[in-house]
Amino acid sequence: MASYPVTYLAKLGELTLKGGNRKEFEQQLVQNARLYLESVSARVQIRTGRLYIEGTEESSAAIEYTLKRLIGITGWARARVTEKNISSIKEAVFQEAREAADRGAASKEVKSFKIEARRSDKTFPLNSYELAAEAAEPVYEQKLLAVDVHNPDLVIRVEVREQCYVYSDGIRACRGLPVGTGGKGLLLLSGGLDSPVAGYRMARRGMKIDCVYFHAYPYTSAEARKKVEDLAAVISGYSINTRLNIIPFTPVQMRIRERAPEAFTTLLLRMCMMKAASMTAERIGAKCLITGESLGQVASQTVENMAVTEAASEYPLLRPLVGLDKEEIILTAKEIGSYDISILPYEDCCVLFSPRHPVLRASVEEAMELYRALEAEELIAEAFAQREVMRFSVRDYVADTWGREPLNKS
Ligand code: ATP
Ligand code: MG
């Protein structure tokens, strides 16, 4: 029997609003957490509406990595686990308060507290109210923090179950719905700031994300490709497993350069990408395409030109960033860890082939006619056939980083 001295508790997010199928959402959440932690010694369960992850001190870094990325929880905390007697509980509460006071000391942030106690073990001799009152005593008697039941700086929670758990307000998590409950989407991933954020946003709606990247070697460098691979790895931190399809698109770009009016080159390239992405989606069972487009950001992202791109796609085209501005996108990019990779300087293929005066408001009919004149379908099919598929798995990442401890599973 393995022993698990370290316990983390996480609050479930939006899935608690689900009715009859709530169980399925919970099961998916547990399964996802287990995938992250497959290679380390940890136990994952949902009990009475909370996610519990128990592990050893050695697995705590992997568990915290998981909780920072696991979609479907609103917050988490590391709990002190004590015996079910009031003196152990008092001591745990006091330590919790002292740590919080120390953390907040510099900024004088934490001066008051309250205790919220819950007792699911009704044989425990004190009721919730009495428990909260007694457990708080040492903290205010020793003038560590003052009691404030209305507007406290710190809430310490005490839960008496099969053991007793003491913890305070948690670290905010990703929220959203567990990945895998919302079907699969194919993200058009370029090296820029926007598309990784778009993928993350859809993962937070429960979608499993696979990626496709159009590479135009030698016009785009090996470094540009490496950047996209690194971004796919960031996405796998949230989507758990991600496959990156790399499609060699140079011949298609050359055809566009030969046959299309300069003002239309970017738009036609987008249309060709949509065609190849649709073929990829069909192959992998994705139900939609996802891009990082945001209204008005560049010439190809006017509403008229979006209609053109859309007409070339055979799947619903989702644009989760369409109404966000650059600052909002950057904020999320920093949060998820894609920002530092995205700002590396390597150009993507689209920049190299951009027209000086791109068409701003193309009509679908005109664009379609130019697209047909490219006669590029065969080239696109060849490019698709030559695609390379790379697999990124968060399991492997956790195993490489933290999985070397001796496994201690029961
Ligand atoms: P990003 O920052 O995501 O690169 P962007 O601001 O550079 O976006 P565009 O270059 O117009 O905007 O691209 C719009 C969208 O088209 C991108 O968000 C991405 O989803 C997709 N896209 C562009 N270039 C590529 C590419 N080489 N491979 C895959 N998808 C691409
Ligand atoms: Mg781009």
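Ligands are counted one by one from 1 in listed order, and the atoms in each one are counted from 1 as well. Note that the coordinates shown come from a computational prediction; the quantities given were computed from them, not determined experimentally.
- Looking at Ser190, Ser294, Ser195, Ser354, it is Ser190 that brings a heavy atom closest to atom 25 (C) of ligand 1.
- The ligand atoms of ligand 1 that sit less than 4.0 angstrom from a heavy atom of Gly292 are 17 (C), 18 (O), 20 (O).
- Sequence neighbours left out, the pairs with a member in residues 223-257 that pass ring pair (Phe, Tyr, Trp, His ring centres under 6.0 Å) are Tyr200-Tyr238, Phe214-Phe249.
- Selection from Gln253, Gln301, Arg319 by nearest heavy atom to atom 14 (C) of ligand 1 gives Gln301.
- Using bins of under 30°, 30° to 60° and over 60° for the plane-to-plane angle, the ring pair Trp402/Tyr65 lands in the tilted bin.
- Salt bridge present: Arg225 and Glu229 bring a charged side-chain N and a carboxylate O closer than 4.0 Å.
- A salt bridge is absent between Asp102 and Arg98; no separation between the charged side-chain nitrogens and carboxylate oxygens falls under 4.0 Å.
- The closest heavy-atom contact to atom 21 (C) of ligand 1, among the options Ile246, Leu187, Asp194, Leu188, comes from Leu188.
- For the pairing with Phe113, the side-chain contact (heavy atoms from CB on, under 4.5 Å) check across Val147, Leu144, Asp153 returns one residue only, Val147.
- Ligand 1 does not have His215 within reach: every non-hydrogen atom of the residue lies 4.0 Å or more from it.
- Atom numbering of ligand 1 starts at 1 in the shown order; those under 4.0 Å from a heavy atom of Val298 are 11 (O).
- Listed by atom number, the atoms of ligand 1 under 4.0 Å from Leu189 heavy atoms are 28 (N), 29 (C), 30 (N).
- Annotation: cation-pi pair Arg22/Phe25 absent, no NZ/CZ under 6.0 Å from the ring centroid and within 45° of its normal.
- Within the listing of ligand 1, atoms 20 (O) sit less than 4.0 angstrom from a heavy atom of Thr291.
- Residue Pro196 places no N or O, backbone or side chain, under 3.5 Å from any N or O of ligand 1.
- Numbered from 1 in the order shown, with element, the atoms of ligand 1 that lie under 4.0 Å from a heavy atom of Val212 read 29 (C).
- With salt bridges taken as basic N to acidic carboxylate O contacts below 4.0 Å, none links Glu99 and Arg78.
- Residue Thr266 does not touch ligand 1, judged by heavy-atom distances below 4.0 Å.
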For residues 362-372, which side-chain donor-acceptor pairs fall under 3.5 Å, sequence neighbours excluded?
from, atom 1, to, atom 2, distance (Å)
Ser363, OG, Glu366, N, 3.1
Tyr371, OH, Glu377, OE2, 2.7

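- Considering only non-hydrogen atoms, atom 11 (O) of ligand 1 lies nearest to Arg270 out of Met273, Arg270, Gln297.
- Residue-ligand proximity, Gly192 to ligand 1, at heavy-atom distances under 4.0 Å covers atoms 1 (P), 2 (O), 4 (O).
- A salt bridge is absent between Arg172 and Glu335; no separation between the charged side-chain nitrogens and carboxylate oxygens falls under 4.0 Å.
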